[in-house]
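Heads up: the structure comes next, in structure tokens.
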2 protein chains.
Amino acid sequence: MANIIQPTDAELKILTLLWRHGAMSVRQINEKLNNEKEVGYTTTLKIMQIMLEKGLLTRDTELKSHIYSANIQETNVKNKMIKNLVNQVFGGSRSNLVMQVLGNSNASLEEINEIKEYIKFLESKNKTEE
Amino acid sequence: MANIIQPTDAELKILTLLWRHGAMSVRQINEKLNNEKEVGYTTTLKIMQIMLEKGLLTRDTELKSHIYSANIQETNVKNKMIKNLVNQVFGGSRSNLVMQVLGNSNASLEEINEIKEYIKFLESKNKTEE
DNA sequence: GGTGCAGTACGAAAGTTTTCGTAATTAAGA
DNA sequence: TCTTAATTACGAAAACTTTCGTACTGCACC
């Protein structure tokens with residue numbers, strides 16, 4: 001399996017938009033980015049061209065305005081980022097991370113219930129597999 | 001409360017060593033860093049001087065070789081990093097992060113049990129507070 | 001065919017972080 | 001006191017990311 005590259009901040013924002021909304025032109029991405037923070041069109045274009053080089057994106061050049069797609073799996077990137085965080089500051093222990101999240105200040109009852117449900121689901125899934 | 005600065009990668013490594021092992025000289029930090037990856041002594045020194053300026057560290061200059069301490073709480077930094085990750089790629093939902101961690105490949109039974117225990121503890125703590 | 005508009009390509013500047021060379025400083029021992 | 005070794009101070013280069021200006025391209029419309 002190819003090693004997952006850790007995207008930069010700007011790259012991550014673009015990937016997130018593509019994961020969420022599907023393939024888009026530079027113009028469309030740039031407009032969405034501008035909802036949060038003003039950024040020039042050619043800036044966005046340049047970043048996306050770099051991402052293309054790195055293999056983070058692919059594009060369809062049929063039309064005049066090229067259509068870009070993410071070429072890296074959302075789950076993989078997220079897992080990679082979690083792994084980095086866990087290794088950097090949680091001594092490699094994922095449960096330490098989870099406990100820090102839950103223990104922190106205002107983990108709502110709702111969130112905790114959601115997680116309990118999910119654990120139940122995982123456990124039932126494991127049972128089935130045995 | 002003062003706004004927590006997000007430390008850079010190099011800064012985070014140094015903070016982690018100070019949190020884990022307590023106050024140290026630049027020489028000592030540099031040696032520990034070199035266990036992982038070769039880095040020049042003056043590089044480490046420079047980073048630590050910058051961290052001092054930013055207020056991330058304090059130092060005792062009594063002795064010739066200055067002794068540095070972390071001046072920022074481990075928990076605060078970790079929470080800040082979690083918050084950033086959650087905002088960047090989990091749409092602000094902490095439970096999404098937790099579920100991604102748990103659901104990922106090989107969350108061991110042991111880890112899950114650890115987390116279940118912790119949730120029980122949180123719930124009992126809440127009950128007591130009511 | 002010429003003009004204008006929207007897009008792409010690309011180099012280079014600006015900003016940030018990391019790295020390191022070199023000079024200044026201090027302390028200890030000959 | 002002089003020399004040496006370890007340390008600190010500091011500027012600047014190197015590396016990486018983001019930003020943008022400008023030139024080039026292709027197409028539609030007149």
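By convention in this document, chain letters (A, B, ...) are assigned in the order of the sequence lines, proteins followed by strands, and residues within each chain are numbered from 1. This is a predicted model, so every value here is computed, not measured.
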Rounded distance (Å) that lies between atom P of D:dT8 and atom CG of B:Leu57: 13 Å
Smallest separation among heavy atoms of A:Ile72 and A:Ile5, with atom names: CD1-O, 4.4 Å
B:Glu31/B:Arg27 ion pair, N-O < 4.0 Å: no
B:Glu11 CD to B:Ile50 CD1 distance, which is reported to the nearest 0.5 Å: 7.0 Å
Contact check, side chains of A:Leu102 and B:Tyr118, non-hydrogen atoms, under 4.5 Å: yes
Contacting residues from residues 44-53 of chain A, given that a heavy atom lies under 4.0 angstrom of DNA chain C: A:Leu45, A:Lys46, A:Gln49
Where B:Ala70 and B:Leu57 come nearest, the two heavy atoms and their spacing: CA-CD2, 3.9 Å
Whole angstrom value for the distance that separates P of D:dA6 from CD1 of B:Ile67: 17 Å
Phosphate contact (C:dA9 OP1 or OP2) by A:Arg59 side-chain N/O below 4.0 Å: yes
Separation of D:dG26 C1' from A:Leu63 CG (nearest whole Å): 13 Å
side-chain contact (heavy atoms from CB on, under 4.5 Å) between B:Val26 and B:His66, intermediate numbers included: CA-CA 7 Å; B:Val26 175; B:His66 303 169; over 6 Å; no
First of B:Lys54 and B:Tyr41 reached from the 5' end of DNA chain C, by closest nucleotide: B:Lys54
Candidates C:dA9, D:dG26, C:dT26 - which lies nearest the side chain of A:Lys64: D:dG26
Shared hydrophobic cluster for A:Ile115 and A:Phe121 (ILVMFWY, side-chain gaps under 4.5 Å): yes
Taking every non-hydrogen atom, the tightest pair across A:Leu85 and B:Leu85: CD2-CD2, 3.8 Å
Nearest-angstrom distance from the residue atom CZ of B:Arg27 to P of D:dA5: 14 Å
Protein-nucleotide distance (B:Leu56, atom CG; C:dT17, atom C1'), rounded to Å: 14 Å
Atom-pair distance (NZ on B:Lys37; P on C:dC20), nearest Å: 8 Å
Note: B:Glu36-B:Lys13 ion pair, threshold 4.0 Å (strictly below): no
Strand-adjacent residues in residues 6-26 of chain B, judged by heavy atoms under 4.0 Å from DNA chain C: B:Thr8, B:Asp9, B:Ala10
Whole-Å gap separating P (C:dT26) and CD (B:Glu62): 14 Å
Protein-nucleotide distance (A:Ile29, atom CD1; C:dT8, atom P), rounded to Å: 12 Å
Listed nucleotide nearest any side-chain atom of A:Thr43, set D:dT18, C:dG7, C:dG21: D:dT18
